[in-house]
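Read the structure below first, then the notes.
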Amino acid sequence: MFLTEAPATMPDLSCYTTNLLAYLTPDVPDVRRRLAEGIRLAVRTDLPSGELAFSHHPRVDTTDDGRELAYRGAADWQAARSALLDALHREHRVLAVGNTRHLPWAAAHGQADAPHWLLIRDHRDDRWLIADHFAALTPFGEQEPYLGWISDAELAAALAPLPEPPPEVTRRDGLALGQEVPLPPVGHYRWLDRQPVTRASGAASASAPVSVSAPGPGTWTLDLEASLTRIADVFRADPTALARYGDDLWAAARHHAYQLAFAVTDAGLDPERAAAVSAAWNELPKTLRFAAQSAARGRPRPAVVDRSIEALLTAQQALSTDLPRKG
């Protein structure tokens with residue numbers, strides 16, 4: 001069934017962040033505020049030509065008792081099943097990595113492979129209660145939140161590893177928590193579980209100020225104008241990058257729209273100014289999709305992309321009220 005009467009409606013974010021918030025809320029009650037205050041568009045600038053990596057927020061998953069999330073994996077379903085049951089018994093929920101091609105409720109079901117975070121909420125009589133709070137109009141159609149029981153075999157299929165994900169998907173997975181973390185080997189079932197905070201992560205506790213550290217190794221820009229300028233340069237030089245990174249800019253648009261809405265209700269940002277910037281953010285992924293389709297037909301349209309990014313920067317710069325602190 002669909003989550004039309006979910007007790008805690010999640011904001012419209014990416015599938016990663018939407019279900020991350022649903023997972024974290026019981027342990028980090030102020031997680032929505034922490035996320036809003038940390039929204040950013042950090043871009044790695046030292047990758048090979050045509051390559052990009054993104055971070056949309058700092059880590060918000062660290063609890064006051066000093067635990068954070070980390071990927072776990074298993075090469076076969078029986079080992080994964082056992083570990084999932086153990087994590088479910090300890091934590092009362094598990095954040096697992098599904099594959100959209102094998103999720104019956106997903107808009108991309110049967111059409112495309114993509115990692116998709118979902119929640120395992122319960123297990124009874126070899127059936128699993130799955131919650132997916134993600135909702136969006138995707139290129140494959142409308143996806144609505146889902147809550148339902150599935151069989152053991154259905155869960156094994158739902159969590160089927162992606163076959164040889166491209167580099168941009170691997171980077172997206174590794175940075176989904178906001179800071180680059182190790183991933184299980186390709187071909188493994190994957191989920192996330194709690195562990196003590198590691199020195200390498202540098203993550204702050206739930207009550208600490210939002211971090212402004214770089215998301216990972218290499219050279220990064222955390223400045224929005226510099227990030228968008230770098231993105232525009234890559235898209236202009238390599239039109240095929242539009243298709244590879246359209247999902248990342250779609251996620252950025254959703255995250256920034258969330259930050260703006262939060263600033264209106266919590267920080268007194270003028271609603272009309274916020275709406276203008278949100279509209280510019282929402283227009284960007286639409287423009288990128290159009291430009292990517294045009295480039296695939298042999299007709300690159302760099303000027304269209306440049307104008308969309310320039311319009312976004314103009315709208316963003318027109319804000320006279322400070323937004324929540326960037327992370």
I would like to know whether L159 and N99 meet side-chain contact (heavy atoms from CB on, under 4.5 Å); could you show each step before the answer? CA-CA 6 Å; L159 304 188; N99 182 339; over 6 Å; no
Apply side-chain contact (heavy atoms from CB on, under 4.5 Å) to the pair H109 and F140, showing each step before the final yes or no. CA-CA 9 Å; H109 177 237; F140 300 96; over 6 Å; no
Full working for side-chain contact (heavy atoms from CB on, under 4.5 Å) between L313 and L228: CA-CA 8 Å; L313 284 171; L228 288 171; 3.5 Å; yes
Do I130 and L147 pass the side-chain contact (heavy atoms from CB on, under 4.5 Å) test, and can you show the C-alpha distance, the side-chain angles, and the key distance before you say yes or no? CA-CA 6 Å; I130 304 301; L147 177 68; over 6 Å; no
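With respect to the salt-bridge test (charged N to carboxylate O, under 4.0 angstrom), the residues D27 and R93 qualify. Under a 4.0 Å N-O distance rule, the pair D61/R67 does not qualify as a salt bridge. We find that R101 and D113 are joined by a salt bridge, their nearest charged nitrogen and carboxylate oxygen being less than 4.0 Å apart. In summary, E180 and R59 do not engage in a salt bridge, as defined by a charged side-chain N under 4.0 Å from a carboxylate O.
Here the shortest heavy-atom pairing between H188 and R190 reads O-CG, 3.5 Å. Nearest heavy atoms, A107 versus G141: CB-O, 3.5 Å. Considering all non-hydrogen atoms of both residues, R121 and A131 come closest at CG-CB, 3.9 Å. Closest approach of V28 and T62 over heavy atoms only: CG2-O, 4.2 Å. Residues P58 and G38 share a closest heavy-atom pair of CD-O, 3.1 Å. Of all the heavy atoms in L21 and P11, the pair that sits closest is CD1-CG, 3.7 Å.
Looking at residues two or more places apart in sequence or on another chain, you find no side-chain hydrogen bond (donor to acceptor under 3.5 Å, both in side chains) involving T18. Remark: A158 engages L103 in a side-chain contact (heavy atoms from CB on, under 4.5 Å) (not counting sequence neighbours). Legend: residues meeting side-chain contact (heavy atoms from CB on, under 4.5 Å) with A53, ordered by chain and number and at least two apart, are R44, L47, R171, L175, W220. Judged as a side-chain hydrogen bond (donor to acceptor under 3.5 Å, both in side chains), and not counting sequence neighbours, the contacts of S14 are T17. In this structure A241 satisfies the side-chain contact (heavy atoms from CB on, under 4.5 Å) test together with V234, F235, D238, R244, Y245, sequence neighbours excluded. With sequence neighbours excluded, no residue satisfies side-chain hydrogen bond (donor to acceptor under 3.5 Å, both in side chains) with E283. Scored by the side-chain hydrogen bond (donor to acceptor under 3.5 Å, both in side chains) test, Q111 finds no partners at all (sequence neighbours excluded). In this structure, A276 has no side-chain contact (heavy atoms from CB on, under 4.5 Å) partners at least two apart in sequence or on a different chain.
In this structure, F262 and L35 have side chains that are not in contact, with every pair of non-hydrogen atoms separated by 4.5 Å or more. Using a 4.5 Å heavy-atom cutoff, the side chains of L118 and I120 are in contact. Considering only heavy atoms from C-beta on, L177 comes within 4.5 Å of L69 through its side chain. Proximity of R289 to P139: side-chain heavy atoms (C-beta onward) are separated by under 4.5 Å at one or more points. Annotation: side chain of V43 is not in contact with side chain of L222 (no heavy-atom distance under 4.5 Å). Here the side chains of E91 and L88 are not in contact, with every heavy-atom distance at 4.5 Å or above. Proximity of P182 to Y71: side-chain heavy atoms (C-beta onward) are nowhere separated by under 4.5 Å. A 4.5 Å side-chain heavy-atom check between H123 and L84 finds every atom pair outside the cut-off.
For CD of E142, the number of neighbouring non-hydrogen atoms (other residues, nucleotides, ligands) closer than 6.0 Å is greater than 12. Residue D125 qualifies as open at atom CG: its count of foreign heavy atoms under 6.0 Å is 12 or below.
Between atom CG of residue D248 and atom CG of residue L41 there is a gap of 9.0 Å, rounded to the nearest 0.5 Å. In this structure, NE2 on H256 lies 8.0 Å from CG on L312, to the nearest 0.5 angstrom. Once rounded to the nearest 0.5 Å, the distance linking CG of D12 with CG of L137 reads 11.0 Å. L224 CG to I39 CD1: the interatomic distance, rounded to the nearest 0.5 Å, is 12.0 Å. A distance of 11.5 Å separates CH2 of W149 from CG of D126, quoted to the nearest 0.5 Å. Atoms CD and CG, on E68 and D193 in that order, are 11.5 Å from each other to the nearest 0.5 Å.
With no hydrogens or angles considered, a side-chain donor-acceptor pair links Y16 and D173 at under 3.5 Å. Counted by atom type alone, S55 and R40 present one or more donor-acceptor pairs between their side chains at under 3.5 Å. For the residue pair W105 and E144, no side-chain donor N or O sits within less than 3.5 Å of a side-chain acceptor on the partner. Side-chain atoms of T63 and D65 form a donor-acceptor pair, as typed in the model, at a separation below 3.5 Å.
Cluster note: L162 groups with V169 through ILVMFWY side-chain heavy atoms spaced under 4.5 Å, whether in direct contact or through intervening members. Here F134 sits in one hydrophobic cluster together with W250; the rule is ILVMFWY side chains under 4.5 Å apart, joined directly or through other members.
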Report, one line per pair, each donor and acceptor closer than 3.5 Å where one atom sits in a side chain of residues 296-311; sequence neighbours left out.
| unit_1 | atom_1 | unit_2 | atom_2 | d |
| --- | --- | --- | --- | --- |
| R301 | NE | S294 | OG | 3.0 |
| D306 | OD1 | R236 | NH2 | 3.0 |
| D306 | OD2 | R236 | NE | 3.2 |

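Formation of a donor-acceptor pair under 3.5 Å by the Q316 side chain with backbone atoms of V277 is not found in this model. Between the Q259 side chain and the A36 main chain, a donor and an acceptor come within less than 3.5 Å of each other. Between the side chain of N282 and the backbone N or O of S278, at least one donor-acceptor pair lies under 3.5 Å. At least one donor-acceptor pair closer than 3.5 Å links the side chain of Y258 to the backbone N or O of R32. Without hydrogens or angle criteria, Q143 side chain to A136 main chain gives no donor-acceptor distance under 3.5 Å. With hydrogens and angles ignored, the 3.5 Å screen pairs a side-chain donor or acceptor of N19 with a backbone N or O of H133. Checking side-chain atoms of S227 against main-chain N and O of D223 turns up a donor-acceptor pair under 3.5 Å.
Linking ILVMFWY side-chain heavy atoms closer than 4.5 Å, directly or via other members, places W191 and L85 in a single hydrophobic cluster. Cluster membership for W281 and F290, using ILVMFWY side-chain heavy atoms within less than 4.5 angstrom, is not shared.
In this structure, F54 and H56 have parallel ring planes: the angle between them is below the 30° cut-off, well short of the 60° mark.
Applying the side chain to side chain donor-acceptor pair (under 3.5 Å) rule to pairs touching residues 152-162 yields W77-D152, R81-D152, W128-D152, S151-E154, sequence neighbours excluded.
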